[in-house]
2 protein chains.
Amino acid sequence: MKIEAHEVERRVETFKAAVQEAGLKLTHQRLEVFRELASSADHPDAHGIYDSVKHRLPTVSLDTVYRTLRTLSDLGLINMLGTAGESIRFDANTRKHHHFVCVNCGLVRDFENEELSALQVQEDLVGFGRVLETQIEVRGICNDCRNKS
Amino acid sequence: MKIEAHEVERRVETFKAAVQEAGLKLTHQRLEVFRELASSADHPDAHGIYDSVKHRLPTVSLDTVYRTLRTLSDLGLINMLGTAGESIRFDANTRKHHHFVCVNCGLVRDFENEELSALQVQEDLVGFGRVLETQIEVRGICNDCRNKS
DNA sequence: CTCCTAATTAAGAATCATTCTGATTTAGGG
DNA sequence: CCCTAAATCAGAATGATTCTTAATTAGGAG
């Protein structure tokens with residue numbers, strides 16, 4: 001599943017500006033890794049991104065993909081997600097959103113919802129620490145897995 | 001941080017019944033691994049449980065702890081949690097609850113809240129699949145980390 | 001346009017969590 | 001009291017991720 005072209009471009013522009021801002025070089029590798037991630041809605045892992053990017057940059061190394069993803073994550077341009085025990089999945093969507101997770105195959109999809117995003121939980125958690133953000137994780141069975149069984 | 005004694009016993013009794021029910025043996029190792037998990041509120045990983053259990057069962061192996069945790073997870077007596085890239089953390093709390101996660105040190109604490117648990121998200125997700133459950137993840141900085149900085 | 005330097009590459013090794021092997025011993029519970 | 005599942009031990013295998021070192025490439029400031 002692909003993200004719409006104009007949204008991809010919006011993300012890429014934000015990315016370019018942030019890389020310049022941080023004083024880093026805008027290399028082909030960084031651009032292609034980011035563009036690949038910004039174009040896909042299914043949160044690939046490092047290997048998946050590597051396989052896709054290799055079509056356009058045949059000499060890219062898996063190591064560079066890992067290094068680039070870590071760099072972008074440190075800059076806050078992408079987020080890491082996924083459950084412990086699996087490989088790390090990446091997400092170029094930095095807008096406030098929530099996740100649908102298939103408990104069977106691990107598929108993750110973003111969704112936005114104003115009401116959910118407006119949720120305030122601070123009051124109940126004074127004992128644990130300061131609250132920064134609240135995210136909803138909806139678990140279920142995705143359509144593909146439903147059709148298979 | 002410890003769970004109250006009567007809650008631990010409640011969990012242990014549920015555990016004993018379920019192990020019998022499944023036709024598995026109630027070994028010391030299984031009991032001690034489960035009791036350790038049921039007593040701690042901070043969701044230890046396999047190594048942490050191993051270290052604690054070793055005090056009471058000096059000959060237990062890390063392998064047995066891993067195997068036991070997987071068995072209990074398959075039975076639905078415990079849950080696995082944690083972010084990709086870290087080790088798997090375990091949770092003996094099978095009641096409906098939510099998580100507070102410290103983005104700095106990774107601490108996870110459970111909390112219950114009727115209003116949050118009553119949240120219904122089905123309508124918004126028809127396109128992705130069937131919804132089974134909704135869990136809230138609150139991210140922030142825990143008290144310990146706040147005091148250190 | 002040129003040059004400095006950061007980034008990439010290659011090939012390999014290291015680390016860490018986790019699972020598996022296979023042979024041997026232990027102990028739960030009918 | 002025995003049968004058999006489970007545990008143990010030691011070690012090895014796996015897979016994701018990170019690091020090493022040395023040589024090459026290329027971004028972008030001047």
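Numbered from 1 within each chain, the chains take letters A, B, ... in sequence-line order. Keep in mind that the numbers below use all heavy atoms, side chains included, and drop hydrogens, waters and symmetry copies.
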Could you go through the salt bridge (Lys or Arg N to Asp or Glu O under 4.0 Å) check for A/Arg139 and A/Glu137 one step at a time?
CA-CA 6 Å; A/Arg139 276 192 272 278; A/Glu137 184 170 305; 2.3 Å; yes

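- More than 12 heavy atoms of other residues, nucleotides or ligands sit less than 6.0 Å from atom CZ of B/Arg10.
- The side-chain heavy atoms of A/Val138 and A/Val101, taken from C-beta on, include no pair separated by under 4.5 Å.
- The shortest distance between the side-chain N/O atoms of A/Thr27 and the OP1/OP2 oxygens of C/dT8 is below 4.0 Å.
- Ring pair B/Phe15/B/Phe34 is parallel by interplanar angle, where below 30° counts as parallel and above 60° as perpendicular.
- The distance from atom NZ of B/Lys25 to atom C1' of C/dG28 is 5 Å, rounded to the nearest whole Å.
- Regarding A/Lys16, its NZ atom lies at a distance of 13 Å from the P atom of D/dG27, rounded to whole Å.
- A/Leu26 places its CG atom 15 Å from the C1' atom of C/dT8, with the value rounded to the nearest Å.
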Stepwise side chain to side chain donor-acceptor pair (under 3.5 Å) test for A/His97 and A/Ser117
CA-CA 7 Å; A/His97 66 279; A/Ser117 297; over 6 Å; no

Nucleotide-resolved protein contact map, nucleotides 10-21 of chain C, B/S/- at heavy-atom distance under 4.0 Å:
S------SSBB-

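- A straight line from CD of A/Glu32 to P of C/dT8 spans 13 Å, rounded to a whole angstrom.
- We find that CD of A/Gln20 is positioned 9 Å from C1' of D/dG28, with the value rounded to whole Å.
- Closest to the side chain of A/Arg30, from the set C/dG28, C/dA7, C/dT9, is C/dA7.
- Remark on DNA chain C: of its neighbouring residues A/Thr64 and B/Leu24, the 5'-side contact belongs to A/Thr64, judged by nearest-heavy-atom nucleotide.
- For the OP1/OP2 pair of C/dA27 and a distance below 4.0 Å, the side-chain nitrogens and oxygens of B/Gln29 include no atom meeting the criterion.
- Counted by atom type alone, B/Asp110 and B/Asn93 present one or more donor-acceptor pairs between their side chains at under 3.5 Å.
- Put simply, NE2 on A/His28 is 15 Å from C1' on C/dA6, counting in whole angstrom units.
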